[in-house]
Amino acid sequence: MSGLLSLSRAIDALNTFIGKSVSWLLLAAVLISAVNAVTRKLFNLSSNAWLEAQWYLFSAVFLIAAAYTLLSSEHVKVDLIYGHMPRKAQLWVEILGTIFFLFPFCLITIYLSWPIVVSKFLSGEVSNNTGGLLLWPVWALIPIGFGLLTLQGVSELIKRIAILRGDMPDATALADAEAQTL
């Protein structure tokens, strides 16, 4: 289990680095948006490439940082039932959800998107908009993002199993216990 926990820590470190790094792309998207708006209003100039660059940057943040969101437990959870379960049952829900929902969804998405990425790369396809950008880079974000999400799912699965086995402390249970004392 110690080898698997080392792998989990490495995946967590990778996705933390990537997640924090791509968050700066939001600033770039906002700056591009502002400059594009100002030049359009003041000089009656606009560029489809700059508009598409904003979309590409936002797509990159959304897709590539999804793994970091999972790592940080900031993803959306509907916990009408989950929140009232004992912690051990919650861990089992997370394990089964990862195995039967997260992994299949990610792997199917990678499988279905990869041929599109290759096709767009080989054809050199460009956006239909005048002055638009190449399409393959934004399409490549899909398998990259879902690949990182799959890796983070592996890390989360390892950690949940380690918690159940008693090989690592449960940070969520410790935080809940601390919150109750306040």
Non-hydrogen atoms of [X] and [Y] that approach each other most closely:
X: Q90; Y: M85; answer: NE2-O, 3.5 Å
X: A60; Y: L25; answer: CB-CD1, 3.8 Å
X: T150; Y: C106; answer: OG1-CB, 3.0 Å
X: L112; Y: P115; answer: O-CD, 3.6 Å
X: T98; Y: G153; answer: CG2-O, 3.7 Å
X: A66; Y: L149; answer: O-CD1, 3.8 Å

Would a hydrophobic clustering, with Ile, Leu, Val, Met, Phe, Trp and Tyr connected at side-chain separations under 4.5 Å, put [X] with [Y]?
X: I144; Y: L134; value: yes
X: L96; Y: I81; value: no
X: W92; Y: M168; value: yes
X: Y111; Y: F100; value: no
X: L27; Y: F62; value: no

Fellow cluster residues of L45, listed by chain then number, with links counted only when side-chain atoms sit under 4.5 Å apart: V38, L42, F43

Verdict with reasoning, E156 to I11, per side-chain contact (heavy atoms from CB on, under 4.5 Å): CA-CA 10 Å; E156 298 303 313; I11 293 169; over 6 Å; no

Report yes if some heavy atom in the side chain of [X] is under 4.5 Å from a heavy atom in the side chain of [Y]; otherwise report no.
X: F146; Y: L63; value: yes
X: I32; Y: L57; value: yes
X: L14; Y: L148; value: yes
X: K159; Y: D12; value: yes
X: F121; Y: I116; value: no
X: V118; Y: W114; value: yes

Interatomic distance, [X] atom [atom1] to [Y] atom [atom2] [nearest 0.5 angstrom]:
X: S33; Y: L26; atom1: OG; atom2: CG; result: 12.0 Å
X: R160; Y: I158; atom1: CZ; atom2: CD1; result: 11.5 Å
X: L151; Y: L71; atom1: CG; atom2: CG; result: 12.0 Å
X: Y56; Y: W50; atom1: OH; atom2: CH2; result: 13.5 Å

Donor-acceptor contact present, side-chain Q54 to main-chain A29, <3.5 Å: no

When the side chains of residues 1-9 are checked against the rest of the protein, which donor-acceptor pairs come out under 3.5 Å, sequence neighbours left out?
| residue | atom | partner | partner atom | Å |
| --- | --- | --- | --- | --- |
| S6 | OG | S2 | O | 3.1 |
| S6 | OG | R9 | NH2 | 3.2 |
| S8 | OG | S155 | O | 3.4 |
| S8 | OG | S155 | OG | 2.7 |

Test: R87 and E94 ion pair at under 4.0 Å: yes

Pairwise side-chain hydrogen bond (donor to acceptor under 3.5 Å, both in side chains) hits with a residue in residues 16-26, at least two apart: none

Test side-chain contact (heavy atoms from CB on, under 4.5 Å) applied to L164 and I95, step by step: CA-CA 10 Å; L164 283 174; I95 289 168; 3.4 Å; yes

Candidate pair L122 and W136, rule side-chain contact (heavy atoms from CB on, under 4.5 Å), full reasoning: CA-CA 9 Å; L122 292 176; W136 72 264; over 6 Å; no

Neighbour count above 12 (heavy atom, 6.0 Å) for F103 CZ: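 Yes, enclosed.
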
Aromatic ring proximity F17/Y68, centre distance under 6.0 Å: no

Check against side-chain contact (heavy atoms from CB on, under 4.5 Å), L133 and V126: CA-CA 6 Å; L133 302 176; V126 176; over 6 Å; no

